[in-house]
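Okay, so here's the structure we're looking at.
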There are 2 protein chains.
Amino acid sequence: MAHQKQEVRDRILLTADRLFQEQGFNETGINQIINEAKIAKASLYYHFKSKEELCVAYLEQRNRIWNEAFYEFLKNKTNKVLAAFDFLIDRNLADDFKGCSFLNMLSETSPEKKQIYDLIQSHKSGLLLFFEYELNDKELAYVIYSLFENAIIESKLYRSQDPIYRLKKYAQKLLER
Amino acid sequence: MAHQKQEVRDRILLTADRLFQEQGFNETGINQIINEAKIAKASLYYHFKSKEELCVAYLEQRNRIWNEAFYEFLKNKTNKVLAAFDFLIDRNLADDFKGCSFLNMLSETSPEKKQIYDLIQSHKSGLLLFFEYELNDKELAYVIYSLFENAIIESKLYRSQDPIYRLKKYAQKLLER
DNA sequence: ATTTATTCAGACAAGTCTGTATGTATTATT
DNA sequence: AATAATACATACAGACTTGTCTGAATAAAT
């Protein structure tokens, strides 16, 4: 096998990752991806047999990247639950308030695409699991998780970090009981 | 002015409303709308000068329809805050778990479309205002509002009413303090 | 050295998209 | 009855979409 194989495949995925986040899935065409990744169209279809398959690979990669960054960020934090909210602030600065890639995809796809729904579900389940693990209280975890999710959405909608600060504070109060 | 004017305009909006919800905005073409509404393309562009303008009218109408149904549902309920969660269950049954039209649009548009962002913001602000009015406690209202929002999203993602029941129960506990 | 895997460039198919243009027919207002 | 508003059908422009195909070039594996 050519040693460039991974390189080209990765370049496709990295470019798709960036464009899907910046513009959304349906607003990003195959042609734009191959132009910006500087690869031939035939090379894309050599690695992915359809745009949907590329979408699946994208979500898998996104889940990996997000989790790595998330747990890396929380590494040296004492209160990881509250620190999770700070992570959102960093992300908004990095991606200009594009919001959650998985929720964005959820709005751009349909339940018939089972593989895609599954990946979104498993990303969100993993996140909820984190809160459950940290809090040892499933009910409280689900509430904090909801605040966390809404913090992402509201900060995207208003293009402001304020909702995050505010919801973090409310989360803190709930933890203090 | 022809008395049919409103009729045709309404038929366009009603059809767009149904299709945008069923399939999403970007997945719905102008041609499908005019076919299903049984009107001429020129008639659509007579009433709306672009698809984006149709989008704006759609969101305005959706906000009206949603609020009417919402407050009608809550009319005879004693605990309106908790009843709001029951409203979500009804809506999921009616629209087959399509989720929130405004959040769906949020994922399909960009902040440059200011008018659209504004309409989404004002819909969500109105909803938050409802909770604030009912609860007389801005902090609690924002928390319940977050549970409500996440109830919509999770029930869509898992195509299940369970998240709503669960989050309603947690909301109830928060109210009881 | 030969086979196999990978990448390239780009034409092409077959369809979609939004929006415009044309001309006519119907309806309402004055 | 004359004028203006509305609605019609439909062709068309021009750009876009995903995906296929061809044929050659390069690189790796055997």
Side-chain angles (χ1 to χ4, degrees), chain A residues 1-59 104-105 107-110 112-116, chain B residues 1-59 104-105 107-110 112-116:
Chain A
M1 296 172 189
H3 86 283
Q4 277 189 24
K5 176 171 181 179
Q6 274 309 92
E7 204 190 290
V8 168
R9 207 190 118 102
D10 287 353
R11 212 155 70 234
I12 296 170
L13 266 177
L14 225 68
T15 307
D17 187 88
R18 178 173 58 79
L19 292 175
F20 288 166
Q21 281 211 262
E22 279 177 20
Q23 313 175 344
F25 178 71
N26 287 313
E27 291 71 32
T28 302
I30 289 290
N31 292 322
Q32 190 183 6
I33 294 173
I34 64 167
N35 286 335
E36 302 203 12
K38 289 184 203 313
I39 55 125
K41 184 178 276 195
S43 301
L44 189 151
Y45 281 98
Y46 176 82
H47 288 287
F48 308 95
K49 78 167 198 290
S50 68
K51 196 189 179 191
E52 187 173 338
E53 201 170 271
L54 178 58
C55 175
V56 167
Y58 156 70
L59 289 177
N104 288 341
M105 191 63 77
S107 290
E108 294 210 71
T109 192
S110 72
E112 285 79 52
K113 320 234 158 165
K114 213 183 157 310
Q115 227 180 135
I116 292 172
Chain B
M1 295 173 190
H3 85 281
Q4 275 189 24
K5 178 173 182 179
Q6 275 308 93
E7 203 193 290
V8 167
R9 209 189 117 101
D10 287 353
R11 211 154 71 233
I12 296 169
L13 266 178
L14 223 69
T15 308
D17 187 87
R18 178 173 58 80
L19 293 175
F20 288 166
Q21 281 209 264
E22 279 177 20
Q23 311 175 344
F25 178 72
N26 287 313
E27 290 72 31
T28 301
I30 289 291
N31 291 323
Q32 191 183 6
I33 294 173
I34 63 167
N35 286 334
E36 301 203 10
K38 289 185 203 311
I39 55 126
K41 184 178 274 197
S43 301
L44 189 150
Y45 281 98
Y46 176 81
H47 288 287
F48 308 95
K49 77 167 200 291
S50 68
K51 195 190 178 188
E52 187 173 339
E53 201 170 90
L54 178 59
C55 175
V56 168
Y58 155 70
L59 289 177
N104 288 341
M105 192 64 78
S107 291
E108 292 210 73
T109 193
S110 73
E112 286 79 50
K113 320 233 157 168
K114 215 185 154 311
Q115 231 181 130
I116 292 170

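Source: prediction; values computed, not measured. Side chains are part of it too, since the values below use all heavy atoms of this structure and drop only hydrogens, waters and symmetry mates. Just so it is clear: chains get the letters A, B, ... in the order the sequence lines come, proteins before strands, and each one is counted from 1.
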Inset, instruction - Using atom CD of B:Glu7 as one end and atom C1' of C:dT27 as the other, report the distance to the nearest whole Å. - result: 12 Å
Legend entry - Any donor-acceptor pair under 3.5 Å from B:Glu53 side chain to B:Lys49 backbone: yes
Inset, instruction - Starting from P on D:dT6, measure out to CD1 on B:Ile12 and report it in whole angstrom. - result: 13 Å
Legend entry - Aromatic A:Phe25 / basic A:Lys51 pairing, under 6.0 angstrom, 45° off normal: yes
Inset, instruction - Rounded to the nearest angstrom, tell me the gap between atom CD1 in A:Ile39 and atom C1' in C:dA9. - result: 12 Å
Inset, instruction - Take the protein atom CD1 of B:Ile33 and the nucleotide atom P of C:dC17, then report the distance between them rounded to whole Å. - result: 10 Å
Legend entry - side chain to side chain contact (heavy atoms under 4.5 Å, CB included) between A:Gln21 and A:Tyr58, worked out: CA-CA 10 Å; A:Gln21 281 211 262; A:Tyr58 156 70; 3.7 Å; yes
Inset, instruction - Please check if atom CD in A:Gln115 has more than 12 non-hydrogen atoms from other residues, nucleotides or ligands closer than 6.0 Å. - result: no
Legend entry - Interatomic distance, B:Arg11 CZ vs D:dC8 C1' [rounded to whole Å]: 12 Å
Inset, instruction - Applying side chain to side chain contact (heavy atoms under 4.5 Å, CB included), run through A:Leu13 and A:Leu54 and close with a yes or a no. - result: CA-CA 8 Å; A:Leu13 266 177; A:Leu54 178 58; 4.1 Å; yes
Inset, instruction - List the protein contact pattern of nucleotides 10-25 of chain D with one symbol per nucleotide (5' to 3'): B for base contact, S for sugar-phosphate-only contact, - for none; contact means a heavy-atom distance under 4.0 Å. - result: B------SBBBB----
Inset, instruction - Assess whether atom CD of B:Glu22 is packed by more than 12 heavy atoms of other residues, nucleotides or ligands within 6.0 Å. - result: yes
